[in-house]
Every structure is written in C-alpha cells, then in structure tokens.
Amino acid sequence: MSFKKYDNILDIFLNNLIPEIKISVSKGNKIFGAFVIKKTDFSLIVTGTNNEMENPIFHGEISTIINFFKLRNLNPKDYLFISSHEPCSLCLSAITWSGFDNFYYLFHYKETESTFNIPHDLKILKEVFKIDKGEYSKNNNFWQSYSIIEEIKELQNSENAKLLAKIKEIYKIFEEISKNYQSSKISNHIPLK
C-alpha cells in the first residue's frame, strides 16, 4: 500500500493514540489501544484504549468499536481498523461482529507475550480454541488482517527508512509504557494481569 497511508497511521500512533494509552496505563489499564481511519483519505475518525479497570472486557479494540458506533450511520467497510497489538480472541470476534472487513496491527502476539509480558492472548487461543502460536486465519470471509511492520517492509519506496524510524520510536515508547504497567499491575483488580 501507499507510503502516505502508513505515514498517517504511524503519526496517529505517535500524536493521538500513545498519549491516550499513557493516561489509560496511569489508571492501571493494559497498554492496548486502537483507532479507526477513513479508507479514502486516512483521516482519524475515533480512538479507544484499554479500560479493564472499569470492565475486564473493555479492551482497546472494544472501546474503539463502542466509540465508533456512537458516531451513528457509519459503514465499517468504509474504514480501516488499526490496533496497537494483534487482537485477542475477544477482539477478533468483536471486529468480525462489527462488520469491519479489515484490521491492521503493529505488534504481533509474540511481542505482546515476550516484550510486553502479557501472554494471555496466546494462552487463550491455545487453551480454548486449540490454535497454536496464534495462527488463526488471517484472511477469511469476514476480514483480512495485516501486520503494519510487514506491510511497510514490503513497500518499494525510498522513504521506507522514515517509516521504519517511526516504528522504532513507537516501539521504544511502548516499552516504556509497558514498564509502567508492569510495575503497577500487582495493585489493580484486572482478572488477567
């Protein structure tokens, strides 16, 4: 896809979603968030962050979907759904039931588990659905999913290095946010910490 699309997506991470995630984590929530942009011009429509302190199923994607449908009369097929991390089984289902025909994610399950020390997505997929290593069907009759990092690496563009530098910056910020979450999670009341 286009350089402009990914440049916009990464800027939204840096300028909109990450500041909201920092606030959410300061309240005891996990590091997850998402946003929706228009397919036509890649403009931001709505964001959402994890709010498990209020309700354990208010994941970042769920909050984003709730915020999206508050806007009324929008067709999900006209939008791109962007998630900070590869969606868990709850959020995969929510994206499906909501009617989005796509989603993009920045961090894979493996990074969620190893780098950010939140292993629940892989454990639930394996224990409940018998899906090993998070290998769900990434292209199916409901939607197609895309790794933002893998998509950017495939771009044939001289400005690819600029996008990879932004990803590196985002990654560094998320590592710091994750440290804040990990240091405070013992005192919160989220069932799966």
Side-chain angles (χ1 to χ4, degrees), residues 1-18 20-21 30-51 57-112 116 121-122 124-125 129 131 133-157 159-160 162-164 166-167 170-171 174:
M1 288 289 188
S2 73
F3 171 84
K4 180 185 177 191
K5 174 170 101 175
Y6 290 109
D7 196 40
N8 266 26
I9 288 171
L10 297 177
D11 283 345
I12 292 168
F13 268 106
L14 287 165
N15 301 322
N16 303 94
L17 189 63
I18 287 174
E20 291 179 27
I21 289 174
K30 288 191 183 80
I31 62 173
F32 307 124
F35 55 92
V36 175
I37 62 174
K38 283 185 185 178
K39 284 183 178 179
T40 54
D41 64 5
F42 316 123
S43 61
L44 178 63
I45 300 303
V46 70
T47 61
T49 62
N50 188 288
N51 194 12
I57 67 167
F58 285 175
H59 292 193
E61 295 90 341
I62 302 298
S63 296
T64 303
I65 291 167
I66 290 168
N67 293 340
F68 178 81
F69 283 102
K70 284 179 183 175
L71 299 176
R72 304 269 188 244
N73 299 320
L74 299 180
N75 181 349
K77 296 197 179 347
D78 295 333
Y79 299 89
L80 300 177
F81 192 96
I82 316 294
S83 182
S84 61
H85 296 70
E86 196 166 7
C88 71
S89 55
L90 169 71
C91 296
L92 288 172
S93 294
I95 290 166
T96 305
W97 282 103
S98 297
F100 287 95
D101 62 8
N102 70 84
F103 67 86
Y104 292 73
Y105 58 89
L106 193 57
F107 301 109
H108 286 274
Y109 289 137
K110 194 170 280 245
E111 291 170 295
T112 303
F116 304 115
D121 299 343
L122 286 173
I124 291 169
L125 284 170
F129 299 101
I131 296 173
K133 299 178 185 173
E135 293 301 321
Y136 61 90
S137 178
K138 301 203 189 282
N139 296 300
N140 55 62
N141 288 331
F142 297 105
W143 39 254
Q144 292 186 24
S145 68
Y146 305 92
S147 161
I148 293 169
I149 295 171
E150 290 170 18
E151 291 288 308
I152 287 172
K153 286 179 180 177
E154 289 183 18
L155 284 178
Q156 301 298 318
N157 191 309
E159 295 181 316
N160 209 16
K162 180 181 175 187
L163 298 176
L164 293 174
K166 283 185 182 184
I167 288 173
I170 291 167
Y171 197 95
F174 265 99

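What you see below is based on every heavy atom in this structure, not just the backbone, and it leaves out hydrogens, waters and symmetry mates.
- Annotation: ring pair (Phe, Tyr, Trp, His ring centres under 6.0 Å) contacts of Phe129 (sequence neighbours excluded): none.
- With contacts defined as side-chain heavy-atom distances shorter than 4.5 Å, the pair Glu86/Phe107 does not qualify.
- Annotation: the span from Ser93 atom OG to Phe142 atom CZ amounts to 9.5 Å, rounded to 0.5 Å.
- Side-chain contact of Glu20 with Thr47: a donor-acceptor pair under 3.5 Å is present, judged by distance alone.
- Tyr109 places a side-chain N or O within 3.5 Å of a backbone atom of Pro87 that can act as its donor or acceptor partner.
- For Asn51, the side-chain hydrogen bond (donor to acceptor under 3.5 Å, both in side chains) partners at least two apart in sequence or on another chain are Glu54.
- For the pair Phe103/Glu61, no side-chain contact is recorded, criterion being any heavy-atom separation below 4.5 Å from C-beta on.
- Two residues are said to be in side-chain contact when any heavy atoms from C-beta on lie closer than 4.5 Å; Leu163 and Leu10 meet this criterion.
- You'll find the side chain of Ile95 stays beyond 4.5 Å of the side chain of Asn102, heavy atoms only.
- Around the NZ atom of Lys110, the shell of radius 6.0 Å holds no more than 12 heavy atoms that belong to other residues, nucleotides or ligands.
- Between the CD1 atom in Ile9 and the CG atom in Leu106 there is a gap of 9.5 Å [rounded to 0.5 Å].
- Separation of the Phe32 and His85 ring centroids falls under the 6.0 Å cut-off.
- You'll find the side chain of Ile152 reaches within 4.5 Å of the side chain of Ile167, heavy atoms only.
- With rounding to the nearest 0.5 Å, the separation of CG in Asp101 from CG in Leu80 is 8.5 Å.
- Surrounding CG of Asn139 are more than 12 heavy atoms belonging to other residues, nucleotides or ligands, all under 6.0 Å away.
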- Tell me, with the steps shown, if Leu155 and Glu151 meet side chain to side chain contact (heavy atoms under 4.5 Å, CB included). CA-CA 7 Å; Leu155 284 178; Glu151 291 288 308; over 6 Å; no

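- A centroid separation of 6.0 Å or more is found between the aromatic rings of Phe100 and Trp143.
- The environment of Phe42 atom CZ is dense: over 12 non-hydrogen atoms of other residues, nucleotides or ligands sit within 6.0 angstrom.
- When each of Tyr104, Tyr105, Phe81 is paired with Tyr146, the ring-ring contact (aromatic ring centres under 6.0 Å, His included) condition holds for Tyr104 and for no other.
- In terms of heavy-atom proximity, Leu17 sits nearest to Gly33 at CD2-C, 3.8 Å.
- A distance of 7.0 Å separates CG in Leu14 from NZ in Lys166, rounded to the nearest 0.5 Å.
- The shortest side-chain heavy-atom distance between Asn67 and Val36 does not fall under the 4.5 Å cut-off.
- A heavy-atom distance below 4.5 Å is found between the side chains of Ile18 and Phe174.
- For the residue pair Ala34 and Thr64, the shortest heavy atom distance occurs at O-OG1, 3.2 Å.
- Taken from NZ in Lys30 to CD1 in Ile21, the straight-line distance is 13.5 Å, to the nearest 0.5 Å.
- Contact between Cys91 and Ile62 at its shortest, heavy atoms only, is SG-CG1, 4.1 Å.
- For the residue pair Leu164 and Lys153, the shortest heavy atom distance occurs at CD2-CG, 4.4 Å.
- Summarising the geometry of Ser89 relative to Leu125, their closest heavy-atom pair is CB-CD2, 4.0 Å, with the distance given to 0.1 Å.
- More than 12 heavy atoms of other shown residues, nucleotides or ligands fall within 6.0 angstrom of atom NZ in Lys39.
- Remark: aromatic rings of Phe35 and Phe13 are close, center separation under 6.0 Å.
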- Message: Under the criterion side chain to side chain contact (heavy atoms under 4.5 Å, CB included), I'd like the reasoning laid out for His108 against Ile149: C-alpha separation, chi angles, the key distance, then a yes or no.
- Response: CA-CA 9 Å; His108 286 274; Ile149 295 171; 5.9 Å; no

Compile the donor-acceptor pairs under 3.5 Å between side chains in residues 68-77 and protein atoms, sequence neighbours left out, one pair per line.
unit_1: Asn75; atom_1: OD1; unit_2: Lys77; atom_2: N; d: 3.0
unit_1: Lys77; atom_1: NZ; unit_2: Gly99; atom_2: O; d: 2.9

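- With Ser43 contributing its side chain and Lys38 its backbone, the two residues share no donor-acceptor pair below 3.5 Å.
- In this structure, the side chains of Asn16 and Leu44 come closer than 4.5 Å at one or more pairs of heavy atoms.
- The backbone N or O of Asp11 sits less than 3.5 Å from a side-chain atom of Asn15, completing a donor-acceptor pair.
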- Message: I'd like to know whether Asn8 forms a side chain to side chain contact (heavy atoms under 4.5 Å, CB included) with Ile37, so could you lay out the CA-CA distance, the side-chain angles of the two residues, the decisive distance to 0.1 Å, and finally the verdict.
- Response: CA-CA 9 Å; Asn8 266 26; Ile37 62 174; 5.8 Å; no

